[in-house]
> 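Let me give you the structure first, and then I'll get to my questions.
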Amino acid sequence: MSKGTVVLAYSGGLDTSCILVWLKEEGYDVITYLANIGQEEDFDAAKKKAESLGAKKVFIEDLRAEFVEEFIWPSVQANAIYEDRYLLGTSVARPCIARRQVQIARQQGAQFVSHGATGKGNDQVRFELTCYAMYPEVKIIAPWRIPEFYNRFRGRKDLMEYAEKHGIPVPVTPKAPWSMDCCEVAMRLDGWPRLTGSICIHTGVPVKVINVKDGQSKDTPLGIFSYLNEIGGRHGVGRIDIVENRFIGMKSRGIYETPGGTILYHAHLDIETFTMDREVRRIKQGLGIKFSEMVYNGFWYSPECDFVRHCIDKSQENVEGKVQLSVFKGQVYILGRESPRSLYNEELVSMDVQGDYDPCDASGFIKINAVRLREHHRLQGEASSNR
């Protein structure tokens with residue numbers, strides 16, 4: 001008798017292929033689900049592999065457009081960056097992937113969902129909080145937190161032995177016992193000429209990208225982001241090697257590549273400072289940090305994250321314009337900007353033209369702050385003399 005149906009978030013790699021077979025051994029009917037969010041993947045091969053290992057059904061879902069519009073664009077509006085360096089590519093992808101997994105589980109009448117995230121990482125939290133938010137009755141099978149599983153598979157060697165025993169083809173070897181995304185270990189950056197273009201932004205969202213050299217342009221969300229990923233990737237833009245603080249309480253090393261996101265981060269930040277009121281931006285900066293922490297920690301579908309997203313979206317009403325920039329050898333250079341909503345007044349700030357500004361107006365501001373600073377240092381002096 002079957003214990004029930006489980007929808008497994010499947011990658012086709014070593015871990016989830018072994019988990020698929022293990023779940024069958026445990027008495028479950030397994031439906032596999034693979035999300036296409038833009039990664040280089042042989043989806044047909046992954047489907048055939050899952051079917052050969054006994055999956056009852058295989059779902060391959062193209063989520064690229066909704067990933068960009070519903071998850072990446074809000075992150076661009078927020079200038080989302082975790083601990084000052086990480087642009088949250090993986091963190092933003094998980095709620096998108098898990099949302100579709102839950103939808104499939106509901107459609108197929110599955111009582112369980114499962115994933116291959118380790119018990120030490122952030123992805124387990126991101127997947128499971130999304131599942132519980134959208135399907136409260138669901139039961140989650142997390143093999144890497146089940147003693148019977150992790151005591152049996154203490155490392156990649158055990159998984160590879162299990163795979164060999166059960167006829168599971170794997171793309172790893174004992175000398176390189178890991179799976180990895182398609183990437184290059186080293187890349188020469190001197191073979192690509194400097195590339196100059198412009199990005200048009202409306203309400204904080206990219207609406208068009210133009211390559212100045214060849215006139216090529218993209219004006220759909222997926223087209224824009226894919227093109228910037230391609231261009232940025234050629235120039236090594238957005239590659240970082242960092243140590244970050246995981247939600248579960250440990251530090252980890254991560255090597256990330258976010259070329260399109262890095263270009264958009266710089267472009268959006270530039271036009272935002274050009275068009276947004278100073279005090280609004282101060283508040284919005286704090287909201288952006290909070291948003292980044294919530295997304296990193298897996299709380300995309302929480303009420304507090306929903307509230308913050310709405311506030312950030314409101315702040316973007318006047319963030320509109322065009323940014324000229326270039327990319328070259330790993331760097332993004334801002335060359336200029338223009339906007340019908342600009343708050344910059346060249347005449348007002350000029351040393352040669354007074355415009356509508358009376359320099360005497362600065363006196364009151366200076367006096368107020370001078371009193372505050374005098375009192376601060378007076379109290380500090382008194383405290384020191386009393387020690």
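We number each residue from 1, following the sequence as shown.
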> Under a 4.0 Å threshold between the charged nitrogen and the carboxylate oxygen, would Arg100 count as salt-bridged to Glu66?
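No, no charged N to carboxylate O under 4.0 Å.
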
> What about Leu269 and Ile224, same hydrophobic cluster or not, with Ile/Leu/Val/Met/Phe/Trp/Tyr joined at side-chain heavy-atom distances under 4.5 Å?
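No; tracing contacts between hydrophobic side chains, which count when under 4.5 Å, never links both residues.
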
> Are any of the side-chain heavy atoms of Thr273 and Arg281 separated by less than 4.5 Å?
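In short, these two side chains touch, coming nearer than 4.5 Å.
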
> Flag this pair as yes if the NZ/CZ of Arg337 is under 6.0 angstrom from the six-membered ring centre of Tyr344 and inside a 45 degree cone about the axis; otherwise no.
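Arg337 over Tyr344 ring: no.
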
> For Arg341 and Thr275, run side chain to side chain donor-acceptor pair (under 3.5 Å): C-alpha distance rounded to whole Å, both residues' side-chain angles, the deciding distance at 0.1 Å, then the answer.
CA-CA 6 Å; Arg341 305 255 183 186; Thr275 57; over 6 Å; no

> Determine whether Glu244 and Asn122 make a side-chain contact, defined as any pair of heavy atoms from C-beta on separated by less than 4.5 Å.
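SC-SC contact between Glu244 and Asn122 confirmed.
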
> Strictly under 6.0 Å, is that where the ring centroids of Phe67 and Trp73 end up?
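Between Trp73 and Phe67, which both carry aromatic rings, the centre distance is not below 6.0 Å.
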
> Salt bridge or not for Lys314 and Glu317, using N-O below 4.0 Å?
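Answer for the salt bridge query: yes.
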
> Among His202, Gln77, His268, find the one that has a side chain to side chain donor-acceptor pair (under 3.5 Å) with Gln316.
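For Gln316, the side chain to side chain donor-acceptor pair (under 3.5 Å) check succeeds only for His268.
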
> His235 versus Leu195: any side-chain heavy-atom pair under 4.5 Å?
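His235 vs Leu195: side chains touch.
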
> Mind checking whether Val92 and Ile81 sit in one hydrophobic cluster, side chains of I, L, V, M, F, W, Y counted as touching below 4.5 Å?
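Result: no, two separate clusters.
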
> Under 6.0 Å from the ring centre and within 45 degrees of the ring axis: does the NZ or CZ of Arg126 meet both conditions for the six-membered ring of Tyr296?
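Here Arg126 passes the 6.0 Å and 45° test against Tyr296.
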
> Using a strict 4.0 Å threshold on nitrogen-to-oxygen distance, state whether Arg145 and Glu128 make a salt bridge.
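Salt bridge present between Arg145 and Glu128.
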
> Are the side chain of Gln101 and the backbone N or O of Val7 linked by a donor-acceptor pair below 3.5 Å?
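Such a contact is found between Gln101 side chain and Val7 backbone.
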
> Under 4.0 Å between a side-chain nitrogen and a carboxylate oxygen: does that hold for Arg309 and Asp306?
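Between Asp306 and Arg309 there is a salt bridge, with a charged N closer than 4.0 Å to a carboxylate O.
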
> Taking the basic N atoms (NZ, or NE/NH1/NH2) and the acidic carboxylate oxygens, is any pair closer than 4.0 Å for Glu26 and Arg152?
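No.
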
> Under a 4.5 Å cut-off applied to non-hydrogen side-chain atoms, are Val30 and Tyr10 in contact?
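No - every pair of side-chain heavy atoms lies 4.5 Å or more apart.
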
> Under 30°, 30 to 60°, or over 60°: which ring-plane class applies to Tyr86 and Tyr256, parallel, tilted or perpendicular?
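Parallel.
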
> Should the pair Trp22 and Phe149 be assigned to parallel (<30°), tilted (30 to 60°) or perpendicular (>60°) ring geometry?
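Rings of Trp22 and Phe149: perpendicular, as their planes differ by over 60°.
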
> So do Val295 and Tyr82 actually touch side chain to side chain, heavy atoms under 4.5 Å?
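In short, these two side chains do not touch, never coming nearer than 4.5 Å.
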
> Please determine whether a side-chain nitrogen of the Lys or Arg among Glu161 and Lys165 lies less than 4.0 Å from a carboxylate oxygen of the Asp or Glu.
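The answer is no: the pair does not qualify as a salt bridge.
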
> Is Glu51 salt-bridged to Lys48, going by a charged N under 4.0 Å from an acidic O?
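Result for this pair is no, no salt bridge flagged.
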
> If you count heavy atoms of other groups shown closer than 6.0 angstrom to CZ of Phe307, is the number above 12?
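No.
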
> Tyr135: what forms a ring pair (Phe, Tyr, Trp, His ring centres under 6.0 Å) with it, not counting sequence neighbours?
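Applying ring pair (Phe, Tyr, Trp, His ring centres under 6.0 Å) to Tyr135 gives none.
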
